[in-house]
Trainee: 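Mind looking over this structure? Questions follow.
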Amino acid sequence: MNVVPTSENGSPPVYREIAEELRGQIRSGRYADGDRLPGENTLMERHGVARATARQALSVLINEGLAVAVRGSGIYVRSFRPVRRHGARRLSKELWAHGRAIWQTDGEERGYEVDGLCVDETVAEEHVARALQLTEGGGVLRRSRRYLVQGRPVQRAVSYLPLTVLVDSAAARRVREHDSGPGGIYARLAELGQAPAHFTEEIRVRMPTPEESAELRLGPGTPVLEVARTALTSEHRPVEFNEITMDGSAYVLQYDFDA
């Protein structure tokens, strides 16, 4: 439960009242994406407050992901529409079995970029081995990459596939390449007779490590969404484990359910 600070008379602090006013103006469209917000001097004059109070008000919006500070220029409404991540639809066989990337349901018309792609073999760490039901010392193929939308880093994903699944074949060799081909690794697993039939995801929210903050260019106070996903065959054999770290301010998670 979040506790909103109050002043001695029980009302919210002045900086929060100023932040709420600006937040409402952003949501109403008075300030659109990319617009410059009133600066500290303007807020000081308009509300009769000290510089520290004006600065706190703007910091609230920055920490909420509604605004971004541009050094030497000012505070601007963050010109980025959150990525809508469709929980079940994006993993549908109808998508990857027909040569489409699961990211195509998220990126919409904006598209996405991949950088920092690294593919290598390694010994599975304990939690990875447990997820993939491997014995101690079991080998995995690791695919690590960062995704960007409109030039903004939004997530880091690391996939692990058991080496025992990647029997020598054209499909197995393609998985080891930077471009795993139409439909991605799930389509290649299907060609290997190990098509994913079930997925399980665990999601938690936490604060980022310094390395994650730097890689995803996170603003102060921005949390990350940590997703652990396991792909299983119809026989419930795990064939991929994926660790995903997402910028919490860049996503809307959507899940559709039948009653």
Side-chain angles (χ1 to χ4, degrees), residues 1-6 12-13 15-20 22-23 26-27 33 37 40 52-71 74-87 90 103 106-107 112-118 124-131 142-160 199-230 241-255:
M1 177 179 179
N2 293 326
V3 179
V4 177
T6 58
Y15 78 90
R16 287 197 170 272
E17 293 180 346
I18 297 172
E20 178 59 34
L22 291 171
R23 188 187 299 111
I26 292 172
R27 289 174 175 167
D33 286 348
L37 293 173
E40 293 176 8
T53 301
R55 185 172 298 153
Q56 278 184 295
L58 293 169
S59 293
V60 168
L61 301 180
I62 292 171
N63 291 340
E64 290 178 350
L66 293 175
V68 61
V70 178
R71 187 182 297 274
I75 309 296
Y76 293 82
V77 177
R78 196 162 201 170
S79 55
F80 183 84
R81 189 173 75 255
V83 177
R84 185 168 294 275
R85 184 180 189 272
H86 297 270
R90 66 194 309 274
W103 248 88
D106 298 339
Y112 63 94
E113 304 170 57
V114 178
D115 76 356
L117 179 61
C118 179
E125 297 179 38
E126 183 179 350
H127 71 288
V128 175
R130 184 167 55 250
R142 177 174 57 191
R143 295 179 58 90
S144 177
R145 63 275 191 202
R146 185 176 68 161
Y147 291 92
L148 300 88
V149 174
Q150 294 178 301
R152 171 180 169 174
V154 294
Q155 76 164 246
R156 159 67 64 182
V158 185
S159 296
Y160 302 90
F199 294 94
T200 179
E201 283 193 346
E202 295 181 356
I203 302 174
R204 71 185 182 106
V205 180
R206 60 172 174 80
M207 297 309 295
T209 65
E211 295 77 14
E212 290 167 340
S213 291
E215 185 174 33
L216 295 177
R217 302 178 201 161
L218 302 176
T222 303
V224 294
L225 298 166
E226 184 177 79
V227 180
R229 181 174 72 230
T230 306
F241 178 63
N242 198 337
E243 293 182 303
I244 306 165
T245 305
M246 304 189 298
D247 174 354
S249 69
Y251 278 88
V252 172
L253 306 185
Q254 178 174 331
Y255 293 90

Trainee: For His127 and Phe241, take the angle between the two ring planes, folded into 0 to 90°, and tell me which bin it lands in: parallel under 30, tilted 30 to 60, perpendicular over 60.
Mentor: perpendicular
Trainee: Measure the spacing between CD of Glu202 and OG1 of Thr200 and express it to the nearest 0.5 Å.
Mentor: 6.0 Å
Trainee: So do Leu58 and Leu22 actually touch side chain to side chain, heavy atoms under 4.5 Å?
Mentor: yes
Trainee: Looking at Arg152 and Asp247, is any side-chain nitrogen of the basic one under 4.0 Å from a carboxylate oxygen of the acidic one?
Mentor: yes
Trainee: Quick one about Tyr112 and Gln150 (side-chain donor to acceptor, distance below 3.5 Å, no hydrogens or angles considered), yes or no?
Mentor: no
Trainee: Run the side chain to side chain contact (heavy atoms under 4.5 Å, CB included) check on Thr222 and Asn63 step by step: do they pass?
Mentor: CA-CA 6 Å; Thr222 303; Asn63 291 340; over 6 Å; no
Trainee: Going from CD on Glu113 to CG on Leu148, what distance comes out if it is rounded to the nearest 0.5 angstrom?
Mentor: 5.5 Å
Trainee: Taking Arg71 for its side chain and Ala69 for its backbone only, find out whether a donor-acceptor pair lies under 3.5 Å.
Mentor: no
Trainee: Is a donor on one side and an acceptor on the other found under 3.5 Å between the side chain of Arg85 and the backbone of Val252?
Mentor: no
Trainee: Please determine if Arg23 and Glu17 form a salt bridge, counting it only when a charged side-chain N lies under 4.0 Å from a carboxylate O.
Mentor: no
Trainee: Step by step, would you call Gln155 with Arg146 a side chain to side chain contact (heavy atoms under 4.5 Å, CB included)?
Mentor: CA-CA 6 Å; Gln155 76 164 246; Arg146 185 176 68 161; over 6 Å; no
Trainee: Which atom names give the shortest non-hydrogen contact between Asn242 and Arg145, and what distance separates them?
Mentor: ND2-NH2, 3.9 Å
Trainee: Any chance you could measure Ser144, atom OG, to Arg156, atom CZ, to the nearest 0.5 Å?
Mentor: 4.0 Å
Trainee: Output the distance between atom CZ (Arg16) and atom CD (Gln56), rounded to the nearest 0.5 Å.
Mentor: 9.0 Å
Trainee: So do the side chains of Arg143 and Val158 get within less than 4.5 Å of each other, counting heavy atoms only?
Mentor: no
Trainee: Run the numbers on Glu243 and Tyr160 for side chain to side chain contact (heavy atoms under 4.5 Å, CB included), then give the verdict.
Mentor: CA-CA 9 Å; Glu243 293 182 303; Tyr160 302 90; 3.5 Å; yes
Trainee: Begin with the C-alpha distance, continue with both residues' side-chain angles, and end with the deciding distance and a verdict on side chain to side chain contact (heavy atoms under 4.5 Å, CB included) for Ile75 and Val68.
Mentor: CA-CA 6 Å; Ile75 309 296; Val68 61; over 6 Å; no
Trainee: For the residue pair Leu37 and Ala67, what are the closest heavy atoms and their distance?
Mentor: CD1-CB, 3.9 Å
Trainee: Strictly distance-based, threshold 3.5 Å: is any side-chain N or O of Arg204 a donor or acceptor partner for the main-chain N or O of Val227?
Mentor: no
Trainee: Do the side-chain N and O atoms of Arg142 and Ser159 include a donor-acceptor pair separated by under 3.5 angstrom?
Mentor: no
Trainee: Are side-chain heavy atoms of Thr230 and Phe199 found at a separation under 4.5 Å?
Mentor: no
Trainee: Within this structure, what is the CZ-CG distance for the pair Arg27 and Leu66, rounded to the nearest 0.5 Å?
Mentor: 6.0 Å
Trainee: What pair of heavy atoms forms the shortest contact from Pro223 to Pro208, and how long is it?
Mentor: CA-CD, 4.2 Å
Trainee: Shortest non-hydrogen contact from Gly248 to Leu225?
Mentor: CA-CG, 4.2 Å
Trainee: Assess whether a salt bridge exists between Glu212 and Arg206, defined as any Lys/Arg side-chain N lying under 4.0 Å from an Asp/Glu carboxylate O.
Mentor: yes
Trainee: What heavy-atom pair brings Tyr15 and Val60 nearest, and what distance separates the two atoms?
Mentor: CE1-CG2, 3.7 Å
Trainee: Check whether more than 12 heavy atoms from other residues, nucleotides or ligands sit under 6.0 Å from atom CD of Glu125, and answer yes or no.
Mentor: no
Trainee: State the OG1-CG distance between Thr245 and Leu216, to the nearest 0.5 angstrom.
Mentor: 7.0 Å
